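The structure under discussion appears below in the form of structure tokens.
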2 protein chains.
Amino acid sequence: MKMSRQVPLNALRVFEAVARLSSFTRAGEELGLTQTAVSYQIKLLEENIGEPLFLRRPRQITLTETGERLLPKVSQGFDLLGEAVVAARRASSEILILHSTPTFAQQWLTRRLGTFQFRHPQIAVRLVTGARIVDFHTETADIAIRWGTGDWPGLISQHLMRLDFAPILSPALAETHGGIREPADLLKLPLISPSDPWWKHWFKAAGVPDPNLDTLTPNDFGVQTFDAAAAMAGQGVAIVNPAHYADDIAAGRLILPFDLLCNDGRDYWLAYAESRRNVPKIRAFRDWILEEFAGADACSKTEKCI
Amino acid sequence: MKMSRQVPLNALRVFEAVARLSSFTRAGEELGLTQTAVSYQIKLLEENIGEPLFLRRPRQITLTETGERLLPKVSQGFDLLGEAVVAARRASSEILILHSTPTFAQQWLTRRLGTFQFRHPQIAVRLVTGARIVDFHTETADIAIRWGTGDWPGLISQHLMRLDFAPILSPALAETHGGIREPADLLKLPLISPSDPWWKHWFKAAGVPDPNLDTLTPNDFGVQTFDAAAAMAGQGVAIVNPAHYADDIAAGRLILPFDLLCNDGRDYWLAYAESRRNVPKIRAFRDWILEEFAGADACSKTEKCI
DNA sequence: CTTCATGGATCAGTTCTCTTGATGGCGGCA
DNA sequence: TGCCGCCATCAAGAGAACTGATCCATGAAG
């Protein structure tokens, strides 16, 4: 093997154990090897150094001077290595880097992350939001909440919630212009983010002829929260995922004039690298979030359109 | 392999090289393995840690935070291990532990070791003398000069010089009692170490009937130098290896009354562990001492008896 | 003084890690 | 657009490393 190039690491590890325990047999037990293997490794190391490291006395072995000189640095070295790995493993199990769309983060995560922290106090969540879809290959991320169709090669995707959309507006605004009785009435009010393709989808599903909206600007999803805030302030009608604003609707700050919820085939998904499906912190987060949605599913009645 | 138990050492070494060189390919070159192997080891380590260690960016790789945290301790650890091994190797090539019989040490080695030191200034010779035959297995020794038949299992033995013996005495003493004309005349003088079995051998070879000497005490070889000193002081006749006292004989301080040199089949041999025949310091000493004897051989004319 | 127990060395056979070489993808660069 | 650099993947093979059986030496126990 080309691996044991200059410094025979495995032999050194065996040496350390043997020196510490003063016994080939016991070192073997500690390392999970047979006494034969230990003997082999020590001989290897002795040949490499060019000097015996142990004196084989009848019922016990002793370090030679060379061995004696070798031991301290070697055990120090392994201490460091061990520490480093343990620390890395621990740290990696303690910090969960979660990527999410800004809307989902603000409307859903921030309100519920507390229960995750409570259940896993040792895991610190670092939440990174952004419209761009994170590439697990070139960026540091453990898990992501994304919006799409869920087929990402190399990733495991688990469905979180439907991403429906429907118009919302403030009760006060709904009273103006003679009230909102049918979908077409919405066109009498200012539309917030009129370039959002969702408008077209929704009006089409509602049977309203093409309202001739400009849909050049793609829905970049960074603004839904602002749209909702604008709607709440009575500045117009926004098209958003009503599930995110259930509270505001229940409190009367927003109204959902029509029960027609649309879905363009893209939902919220949880995604993480297939190769890391068993990493504890990832399992923990997945289990938690799926549980949260399992409990909430009863409330979400949606109807697929398109 | 059971070896890579908890801490995958080889993977860590590869990691260190990759991190230092920021490249799988170049790390492979440095370590003497293929890029594939490097990739494999890094993946192994990443699985072990549970976290990616490198971000694979288009034309270069970057350490992740975890990798960044891991690196310093790992490289420190390997520094220590490397240092330790190098130091041990160096130390082991710098100190030569030489065992010898006291007589040989005093009469031969001490006078010539200087030339060895001169030729190999980096090798320090630690000379250990003692009558007991050193066991390379249970004692720290690199090379030994012994007296015997040269067949020691597991050791390489190389013949150094015949160990002949003959009576010597001071010129003054030889004048007394009417002088020494034939071997039997020696019996008129006091014998030094009369229990030495060499006396029996020599007298027998000289044709002198059994002088009835006590040979219970084995020749332990620790005393030849003292015997010679006593003889030189005129206190009696000693039986020694005349080659060791060639100077004193040439200077007239001692005389060798008869040319009859005996040898009991046991000579001086150089011995060292077969498994270590290629250790540099051992080769160096062997080469040197054999050369010394090769030059001296011309002078030693001996005749085997017994 | 046997007999037993302990601990290491040795040997041949086998397992399985690690390596290789070929191939493919991806992003820059000219 | 095609080439190049760099890493990932795959199947296959080499050989290091491990095992189990056996042997040997020593010291302790009966």
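All values derive from a computational prediction rather than experimental measurement.
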Please determine, for the side chain of [X], which listed nucleotide ([options]) has the closest atom?
| X | options | answer |
| --- | --- | --- |
| A/Gln41 | D/dA17, D/dT19, C/dT19 | D/dA17 |
| A/Thr34 | D/dT19, C/dG21, D/dC7 | D/dT19 |
| A/Ile61 | C/dG8, C/dT19, D/dT9 | C/dG8 |
| A/Gln35 | C/dG8, D/dC7, C/dT20 | C/dG8 |
| A/Thr36 | C/dT19, D/dA16, D/dG20 | D/dG20 |
| A/Thr25 | C/dG8, D/dC6, C/dT20 | C/dG8 |

Please report, rounded to the nearest Å, how far the [atom2] atom of [N] is from the [atom1] atom of [X].
| X | N | atom1 | atom2 | answer |
| --- | --- | --- | --- | --- |
| B/Leu45 | C/dT17 | CG | P | 17 Å |
| A/Leu31 | D/dT19 | CG | C1' | 16 Å |
| A/Ile42 | D/dA17 | CD1 | P | 13 Å |
| B/Gln60 | D/dC4 | CD | P | 22 Å |
| A/Phe54 | C/dG7 | CZ | C1' | 14 Å |
| A/Asn10 | C/dC18 | CG | C1' | 12 Å |
| A/Leu33 | C/dA9 | CG | P | 15 Å |
| B/Leu44 | C/dT19 | CG | P | 10 Å |

So, B/Ser100 side chain and B/Ile145 main chain: donor-acceptor pair closer than 3.5 Å or not?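 Between the backbone of B/Ile145 and the side chain of B/Ser100 there is no qualifying donor-acceptor contact (under 3.5 Å).
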Output yes when B/Glu51 and A/Lys281 qualify as a salt bridge under the 4.0 Å nitrogen-oxygen rule, no when they do not. yes
Between [X] and [N], is there a contact of a side-chain N or O with OP1 or OP2 at under 4.0 Å?
| X | N | value |
| --- | --- | --- |
| B/Ser39 | D/dT9 | no |
| B/Arg56 | D/dC6 | no |
| A/Lys43 | C/dT10 | yes |

Looking at every strand, decide which applies to A/Tyr40 at a 4.0 Å heavy-atom threshold: base, sugar-phosphate, or nothing. base
Using a cut-off of 4.0 Å on non-hydrogen atoms, how would the nucleic acid contact of A/Leu55 be classed: base, sugar-phosphate, or nothing? nothing
Any side-chain donor-acceptor pair under 3.5 Å between B/Arg286 and B/Tyr272? yes
Regarding A/Asn241 and A/Arg162, is there a side-chain donor-to-acceptor distance under 3.5 Å anywhere?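 The answer is no; no qualifying pair exists.
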Where does the angle between the aromatic ring planes of B/Phe116 and B/His120 fall among parallel (under 30°), tilted (30 to 60°) and perpendicular (over 60°)?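 Because their plane-to-plane angle lies in the 30° to 60° range, the rings of B/Phe116 and B/His120 count as tilted.
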